[in-house]
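Just follow the structure's listing: the first ligand is 1, and inside any ligand the first atom is 1.
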Amino acid sequence: MQTIENYNFAGKKAFIRVDFNVPLNEQLEVTDSTRIRAAMPTLKKILSDGGSVIIGSHLGRPKSGAEDKFSLKHILPVVSELLGVSVQFANDCMGQEAIEKSVELKPGEALLLENLRFYAEEEGKPRGLPDDASDETKAEAKKEIKEKQKAFAHQLASYADVYVNDAFGTAHRAHASTALIADYFNENSKLFGYLMQNEIDAVEKVLKTSVKPVTAIIGGSKVSTKITIIKNLMTKIDNLLIVGGMAFTFSKAQGGKIGNSLCEDDMLDLANEILDEAQKSGVNIVLPNDTIAADKFAADANTQLCTDKNIPDSWMGLDLGPASIQAMSDVIKSSKTILWNGPAGVFEFEQFAHGSKALAEAIAEATANGAFSLIGGGDSVAAINKFNLADKVSYVSTGGGALLEFIEGQVLPGIKAIRGF
Ligand code: AMP
């Protein structure tokens, strides 16, 4: 398989799928360019080799064709500035303009195509069906869009000599430009960009080639959204630290009094099953044994320290207590591979951020001592950034849903399309 590092783009046109789905303010200006910056190493490598780039992305969730607020023209100045070249724009990713501009593209030049999701073909889902459409009509529409999707992917492919996927954020979607398009390039002409490669390498360092002891810290609000991850990790890790709101479902399952703390009552049996499974697999599960309880869900709530299994009625655990912080930090500091997904408390409120901050500091310390640490999944990324520790860990993932599905053990269509698995 080709790698971005070894591929020489001189004289080649590359179609690169990026994730430029950035937030815009009311004036339609980019408010956070992180995702655009994340694709720059790949774009710059192609241009500096003497290649040219045709950039494809989605922005937002347009549901009925072209909508100005989702136009990629709004981000063009930021892309040009960061790339250091004046990027051209095609007002439609299909059609004559896109064809002509891609044909005329010279080495060192870049062309940004209009939002791929202005076409239903990108996602391959029928649009505009009446709510009361019959199953037959729906099936017919689905068949029709799938056929059109192939033609759409084929046309995008026809603009370029080589396909580069650097859109990790959409790697879990089997869309035209993230997966299907790869069929129109031969083995040696499709590859991952740097961002995509880094994300894959980071996850595989945790799941496949990890150095022991391996510790996963799984937190956040709900057990139900993390079950598949926990099950997949069970055969791969030594320690599992369960934190955040989801820990209370485990406390209750074990007979604890959890007051008003977050709990999924339909997950109690499953929580016990996980504890049993961990024991059988030899995984050391660490649950909190104390908590900072609050009298309401608010930044200025009154608090008291409780044991995890004895929270007074109408109080709720919103953060780890000092004994839990100590025990968990010790495990983290003695680990050689660490995965953190989901905060340890309501870190958005200052007085309930201590647990997440302490764990983040322990991860930073372990990393300084040679451990590999991967932080991923929306809120833990927000937490590590809030504590200014992002540069003290090995890798902070840019993928939300894509990362979660990857660590659940699923094969991501955007990855499979290039490397076959
Ligand atoms: P998730 O999206 O499931 O990863 O959950 C992240 C959210 O869980 C964050 O917004 C946290 O504020 C919240 N959270 C963490 N710990 C608790 C807790 N003990 N009680 C309620 N919410 C929590």
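At under 3.5 Å, a nitrogen or oxygen of Gly317, whether backbone or side chain, sits near a nitrogen or oxygen of ligand 1. Polar contact with ligand 1: absent for Thr225 (N/O pair, distance under 3.5 Å). In terms of N/O distances under 3.5 Å, ligand 1 is approached by Glu348.
With a 4.0 Å cut-off on non-hydrogen atoms, Leu318 touches ligand 1 through its backbone as well as its side chain.
The nearest heavy-atom contact from the protein to atom 8 (O) of ligand 1 is Ser221 N, 3.4 Å. The single protein non-hydrogen atom nearest to atom 17 (C) of ligand 1 is Gly245 N, 3.2 Å, given as residue, atom name and distance. Nearest protein neighbour of atom 15 (C) of ligand 1, counting heavy atoms only, is Gly345 O, 3.2 Å. Asp379 OD2, 3.1 Å is the protein heavy atom nearest to atom 6 (C) of ligand 1.
Proximity to Lys226 (heavy-atom distance under 4.0 Å) selects the following atoms of ligand 1: 4 (O). Near Val346, the atoms of ligand 1 lying under 4.0 angstrom from a non-hydrogen atom of the residue are 12 (O), 15 (C), 16 (N), 17 (C), 18 (C), 20 (N), 21 (C), 22 (N), 23 (C). Using a 4.0 Å cut-off to heavy atoms of Gly244, the atoms of ligand 1 that qualify are 16 (N), 19 (N). Ligand 1 places these atoms under 4.0 Å from at least one heavy atom of Leu262: 21 (C), 22 (N).
Look at Met316 and you'll find every heavy atom at least 4.0 Å from all atoms of ligand 1. By the 4.0 Å heavy-atom criterion, Phe248 is counted among the residues contacting ligand 1.
Leu339 pairs with exactly one of Leu240, Leu233, Thr215 by the side-chain contact (heavy atoms from CB on, under 4.5 Å) rule, that one being Leu233.
Note: Phe406 and Phe168 have tilted aromatic rings, judged against thresholds of 30 and 60 degrees for the angle between ring planes.
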For ring-ring contact (aromatic ring centres under 6.0 Å, His included), just list the numbers for Phe185 and Phe15, CA-CA rounded to whole Å, side-chain angles, deciding distance to a tenth of an Å, and then say yes or no. CA-CA 11 Å; Phe185 294 88; Phe15 177 92; 7.9 Å; no
Show, in sequence, the C-alpha distance, side-chain angles and deciding distance for Met1 and Phe192, and conclude whether the side chain to side chain contact (heavy atoms under 4.5 Å, CB included) test is met. CA-CA 10 Å; Met1 208 187 97; Phe192 299 124; 3.6 Å; yes
Under the side chain to side chain contact (heavy atoms under 4.5 Å, CB included) criterion, do Gln149 and Leu180 qualify, and how do the steps go? CA-CA 8 Å; Gln149 195 182 24; Leu180 274 67; 3.6 Å; yes
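Residues Ser71 and Asp68 have side chains that never bring a donor and an acceptor to within less than 3.5 angstrom of each other.
Judged purely by atom type and a 3.5 angstrom limit, Thr178 uses its side chain to pair as donor or acceptor with the backbone of Arg173.
Nearest heavy atoms, Leu207 versus Lys236: O-CD, 3.6 Å. Among all heavy-atom pairs drawn from Ser329 and Ala358, the shortest one is OG-O, 4.2 Å.
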